Protein chains: 2
Amino acid sequence: MPLVSEPLNAGQAERLAPSFKALGDPVRLRLLSLIASHAGGEVCVCDLTDAFDLTAPTISHHLKVLKETGLVTAERRGTWVYYRARAEALGLLSAVLAVPQPAVLQESNA
Amino acid sequence: MPLVSEPLNAGQAERLAPSFKALGDPVRLRLLSLIASHAGGEVCVCDLTDAFDLTAPTISHHLKVLKETGLVTAERRGTWVYYRARAEALGLLSAVLAVPQPAVLQESNA
DNA sequence: CGCTTGATTAGACGTCTGCCAAAATAGGCG
DNA sequence: CGCCTATTTTGGCAGACGTCTAATCAAGCG
């Protein structure tokens with residue numbers, strides 16, 4: 001399963017790449033982190049908007065990208081929309097990048 | 001350190017995003033996997049080029065992106081250039097995405 | 001040397017991305 | 001209902017991205 005164990009085939013790469021792409025923007029990375037690390041597991045969009053110097057539509061756009069790749073879910077309750085991280089998705093990506101031996105012990109080649 | 005433990009600040013996000021962005025393309029993902037999973041730890045560019053329906057310059061471009069983000073290193077030996085994955089970099093990204101509890105056991109909220 | 005093979009760089013082209021302002025949708029409340 | 005706040009959708013624009021062809025750089029060899 002990890003990327004270092006055996007070569008990803010085209011299909012696997014095609015399926016994984018969009019998730020990494022979603023993480024490839026600083027704003028989305030922070031959004032995901034804000035959501036994933038929040039006590040209670042969910043965050044209201046209004047709280048996220050305040051954390052950036054960006055307009056609400058822009059934040060909404062980034063959240064949509066995260067949602068479409070399955071990294072977060074959204075639920076409307078009354079006036080507000082709450083976002084929640086999907087630990088399953090994060091764990092999968094983490095596993096794909098995981099290296100068998102501790103990275104620090106990388107062998108030296110002559 | 002992991003993304004779920006506490007919110008990434010702007011600087012951390014700015015530093016991590018380019019790496020994830022580099023992984024956000026299927027071709028680069030496969031390239032990295034081919035390099036990282038190869039016996040001996042290194043792969044000649046000529047072998048990589050053959051694995052795709054893309055021109056050599058395009059492969060070279062993607063390898064450059066991977067190299068610039070520190071995910072791989074390149075070394076020329078004679079006629080050929082060999083690429084090698086940086087386990088340290090992979091491990092770091094994996095750690096950032098890691099979730100404390102197994103993803104499967106995600107708690108259910110009422 | 002001059003050629004050949006391996007790899008990268010330069011330049012061009014269409015597409016995608018991130019941002020914003022403006023408009024639309026959703027729900028609550030007087 | 002009509003309005004107000006929260007959020008998303010639409011449309012437009014500048015810049016970035018992935019790909020190619022053509023040209024250039026590197027190294028080995030006759």
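Fair warning: this is a prediction, and the values are worked out from it, not measured in the lab. What you see below is based on every heavy atom in this structure, not just the backbone, and it leaves out hydrogens, waters and symmetry mates. Numbers restart at 1 for each chain; the letters A, B, ... are given by sequence-line order, proteins then strands.
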> How many whole angstroms separate atom CD of Glu75(A) from atom C1' of dT8(D)?
17 Å
> Distance check needed: dC29(C) C1' versus Trp80(A) CH2, whole Å only.
12 Å
> How long is the gap from CG on Leu31(B) to CG on Leu23(B), to the nearest 0.5 Å?
11.5 Å
> Taking the side chain of Arg76(B) as its heavy atoms from C-beta onward, which of dC20(D), dG6(C), dT7(D) lies nearest to it?
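Nearest nucleotide to the side chain: dG6(C).
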> Evaluate salt bridge (charged side-chain N to carboxylate O under 4.0 Å, His left out) for Arg30(B) paired with Glu14(A), printing each intermediate quantity in order.
CA-CA 9 Å; Arg30(B) 284 181 65 199; Glu14(A) 213 81 42; over 6 Å; no
> Looking across every strand, which nucleic acid part, if any, lies under 4.0 Å from Leu54(B) by heavy atom: base, sugar-phosphate, or nothing?
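Touches sugar-phosphate only.
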> Are Arg28(A) and dG18(C) close enough that a side-chain N or O sits under 4.0 Å from OP1 or OP2?
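Yes, Arg28(A) has a side-chain N/O under 4.0 Å of OP1/OP2 on dG18(C).
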> dT9(D), dT8(C), dG18(D): which one has an atom nearest the side-chain heavy atoms of Pro57(A)?
dT9(D)
> Figure out the CG/P separation between Leu66(B) and dT8(C), and round it to whole Å.
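After rounding, the reported distance stands at 12 Å.
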> Assign each of Thr79(A) and Ala56(B) to its nearest nucleotide of DNA chain C by heavy atoms, then name whichever residue's nucleotide is nearer the 5' end.
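Nearest nucleotide further toward 5': that of Ala56(B).
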> Contact between Val4(B) and Pro100(B) at the side-chain level, heavy atoms closer than 4.5 Å - yes or no?
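Heavy-atom side-chain distance check passes, below 4.5 Å.
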> Check this one for me: any side-chain N or O of Ser60(B) less than 4.0 Å away from OP1 or OP2 of dT8(C)?
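For Ser60(B), the contact criterion (side-chain N or O under 4.0 Å from OP1 or OP2 of dT8(C)) is met.
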> May I have the distance from Leu31(B) (atom CG) to dT8(C) (atom P), rounded to whole angstrom?
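After rounding, the gap between these two atoms is 11 Å.
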> Is any side-chain heavy atom of Val45(B) less than 4.5 Å from a side-chain heavy atom of Trp80(B)?
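No, their side chains stay 4.5 Å or more apart.
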> Report yes if a side-chain nitrogen or oxygen of Lys64(A) is closer than 4.0 Å to either non-bridging phosphate oxygen (OP1 or OP2) of dT7(D); otherwise report no.
no
> Expressed in angstrom and rounded to an integer, what is the separation of Leu29(B) atom CG from dG18(D) atom C1'?
16 Å
> From dA21(C), dC19(C), dA10(C), pick the nucleotide closest to the side chain of Val27(A)?
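For the Val27(A) side chain, the nearest candidate turns out to be dC19(C).
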> Separation of Tyr82(B) atom OH from dA27(D) atom P, in whole Å?
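Distance, rounded to whole Å: 14 Å.
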> Please report, rounded to the nearest Å, how far the C1' atom of dC17(D) is from the NE2 atom of His61(B).
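Rounded to whole Å, this separation is 7 Å.
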> Under 4.0 Å between a side-chain N/O of Tyr83(B) and OP1 or OP2 of dT8(C), yes or no?
yes
> Below 4.5 Å, heavy atoms only, C-beta onward: do Thr73(A) and Arg86(A) meet side chain to side chain?
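In short, these two side chains touch, coming nearer than 4.5 Å.
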> Please report the distance, rounded to the nearest Å, between CZ in Phe52(B) and P in dC20(D).
12 Å
> By the 4.0 Å heavy-atom rule, please label Lys21(B) as base, sugar-phosphate, or nothing.
sugar-phosphate
> For dC17(D), does OP1 or OP2 lie under 4.0 Å from any side-chain N or O of His62(B)?
no
